[in-house]
Amino acid sequence: MITLFNKYLIKRSLYFSLSILFFFGLLDAIFTFIAELENVSDKYNIFNILKYVILSIPHNLIDFLEGACLLGVILALGLSHQEGNLTVLRTAGISPLKIVFTSSIGALILAIPLMVLDEMTFRKIHLNASIDKNVLSEQINTEATDINWIKFGDSYLSFEEIIEEKIFNVRFIKTENNKIIFTAKSDFAEIQQDNIIFSKKTSYKNFINESLKTQSEIFVVPLESKISFSKVSNLGIRDISSYRNLFSQSNLEEDILFKSHLDKVFYKTVFKPISIIALIIYFGSLIFTSLRDSTIGGRIIVAVTGAFIYRLIQDLSLGIFISYNLSVLIGAIIPIALLFILSIISYKKI
C-alpha cells in the first residue's frame, strides 16, 4: 500500500510539473511572438516568426524549470493532503521529509533529462533559429553598434556578432607588404576550423588583381572573440568550461571579470537540480505546517513567490561575490545552503 502511495505521489508531481512547465512555455512563446511582430518584414514574415518562436520553446523552458518543479510538487502534495493520502503515510511511520523527497523524484525525472537535452540539442536548435532570424530580419546589421576588429597574419577581420560559428556583418581586408590586396564585404560568413568561408553574396574590391575572388581565407579567430556578455547565458556547459580554462590563464581585469560571469552561468546550471531539491524540501515542509489548511490558490502564490525570491537572492549573492572579486562558487552555494538550514528548522517544528 505504501509503495502504491509513493508511486502515486511521484506520478502526480511529474504530471503537475510537466503541465505547469508547458503552460509557462506557452505564455513565454505568446509574448515572444507578439514582441517579434515589431520586426516583421517581407523576408521575416509571420511564418518565419512562428518558426523561430516554436524552435526556441524547448530551450526557453529551462528558465522556468525551478518554478515549475516547485509548483508541481506543492500542488501534488497539497491535493494528496486533502485526499488524506499524506495522513495514511504518516500513520504508517513515513516522515514528512521522506514524503516530500519522494514527491521531488517526479520533478527530477522531468528536470534532469530536460537539462541534458538542452545541453545536447535544444540550445543548438535555438541558436540556429536565432541565426536564421538575424539573417532574415537583418537585426544584427541594424541594431548592433559595436564593431570588433581582429588580426591574423597580414589579414584583418571586422564583425558585429558571432553565433555558432556564423559571423555577421563581415569586413575582411587582405594585405601584403603593407599594401591592400583586396577587401571582402558580406552580411555573414562561416568559421570552419582555421578558415573563413564567405557567402556567395560577398562583394569584393580588388586593388592588385581585378580578377581576384576568393571563397575562403585562412584566418584563426581567437576563442575570446567568439563570445560576449550578452551570449554567455546561451552557452552550453562544455563551451563554458573551455572558455573558463582560457580566461583562467589571464591576469587582466577585464578577463577576470568575464570569467566571473562565465562561472556564474556555469554554477547556476550545474547546481540547478540541487536548487530544485532545496526549494522542494523547504516549501514542501510548509504543507505540514502553515500551508496545511490553505487553498490551492494560496499554495500557488507561496510557491511562485518562493521561487521568485530564491532567484533574486541567488542573483544578488552571485552579483555581490563577482563585484568584490570573491569565489563565485561560494556565492552560488550560499542560497542553497540557506534553504537547507531553513528546512532543518522547519522540519524540527513538525
Side-chain angles (χ1 to χ4, degrees), residues 13-14 16-21 23-25 27-28 59-78 96-97 99-101 103-112 114-115 118 232-233 237 260-261 263-291 294 296-324 326-350:
S13 64
L14 173 60
F16 278 127
S17 299
L18 181 60
S19 300
I20 293 167
L21 186 64
F23 176 73
F24 285 164
L27 284 180
D28 179 69
H59 172 71
N60 292 340
L61 289 178
I62 300 298
D63 293 333
F64 309 105
L65 197 54
E66 291 169 329
C69 289
L70 173 61
L71 186 53
V73 172
I74 292 299
L75 289 178
L77 288 171
L97 177 59
I99 294 173
V100 173
F101 187 77
S103 297
S104 69
I105 294 176
L108 292 176
I109 290 175
L110 169 66
I112 294 177
L114 190 62
M115 291 179 61
D118 182 66
V232 168
S233 59
I237 295 297
S260 296
H261 284 273
D263 290 339
K264 174 183 176 180
V265 178
F266 179 80
Y267 290 124
K268 283 181 69 174
T269 304
V270 170
F271 289 146
K272 190 179 286 289
I274 302 177
S275 296
I276 292 173
I277 294 175
L279 284 166
I280 291 173
I281 289 178
Y282 172 65
F283 286 98
S285 68
L286 302 183
I287 292 294
F288 301 93
T289 55
S290 58
L291 293 182
S294 64
I296 293 179
R299 295 184 184 116
I300 292 175
I301 292 174
V302 170
V304 172
T305 304
F308 177 73
I309 293 176
Y310 173 78
R311 179 66 69 88
L312 287 180
I313 294 175
Q314 186 182 50
D315 289 338
L316 178 62
S317 175
L318 289 168
I320 291 174
F321 275 72
I322 290 175
S323 298
Y324 288 94
L326 301 174
S327 173
V328 180
L329 174 61
I330 298 177
I333 292 176
I334 285 178
I336 299 175
L338 179 62
L339 274 180
F340 280 123
I341 292 172
L342 292 174
S343 299
I344 293 172
I345 297 173
S346 181
Y347 280 100
K348 284 184 177 180
K349 294 180 179 178
I350 298 177

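Atom set for the values below is all heavy atoms of this structure, side chains included, hydrogens, waters and symmetry mates excluded.
- Between the CG atom in Leu70 and the CZ atom in Phe16 there is a gap of 14.0 Å [rounded to 0.5 Å].
- To the nearest 0.5 Å, the span separating CG on Leu14 from OG on Ser19 amounts to 9.0 Å.
- Summarising the geometry, atom CG belonging to Leu110 is positioned 5.5 Å from atom CG belonging to Leu18; distances are rounded to the nearest 0.5 Å.
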Please tabulate, for the side chains in residues 332-346, all donor-acceptor contacts under 3.5 angstrom to protein atoms that are two or more places apart in sequence or on a different chain.
| residue | atom | partner | partner atom | Å |
| --- | --- | --- | --- | --- |
| Ser343 | OG | Tyr282 | N | 3.4 |
| Ser343 | OG | Leu339 | O | 2.8 |
| Ser346 | OG | Ser285 | OG | 2.7 |

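- Evaluated for a side-chain contact (heavy atoms from CB on, under 4.5 Å) with Phe321, the options Ile330, Leu329, Leu316 yield exactly one hit, Ile330.
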- Apply side chain to side chain contact (heavy atoms under 4.5 Å, CB included) to the pair Leu318 and Asp263, showing each step before the final yes or no. CA-CA 9 Å; Leu318 289 168; Asp263 290 339; over 6 Å; no
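- Residue Ser103 comes nearest to Leu77 through the heavy atom pair OG-CD2, 3.2 Å, listed as atom of the first residue, atom of the second, then distance.
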- Message: Does Phe283 form a side chain to side chain contact (heavy atoms under 4.5 Å, CB included) with Ile74? I'd like the steps, not just the answer.
- Response: CA-CA 7 Å; Phe283 286 98; Ile74 292 299; 4.0 Å; yes
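- Of all the heavy atoms in Ser13 and Gly106, the pair that sits closest is OG-CA, 3.4 Å.
- Residues Leu21 and Leu114 form a side-chain contact, since some pair of their non-hydrogen atoms from C-beta on lies under 4.5 Å apart.
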List, one per line, each side-chain donor-acceptor pair under 3.5 Å for residues 265-281, sequence neighbours excluded.
| residue | atom | partner | partner atom | Å |
| --- | --- | --- | --- | --- |
| Tyr267 | OH | Arg244 | NH2 | 3.3 |
| Lys268 | NZ | Asp315 | OD1 | 3.0 |
| Thr269 | OG1 | Val265 | O | 2.8 |
| Ser275 | OG | Phe271 | O | 3.1 |
| Ser275 | OG | Tyr310 | OH | 2.8 |

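- Shown here for Gly67 and Phe24, the closest heavy-atom pair between the two residues is C-CE1, 4.4 Å.
- Applying the side chain to side chain donor-acceptor pair (under 3.5 Å) criterion to Asp63, with sequence neighbours excluded, gives no partner residue.
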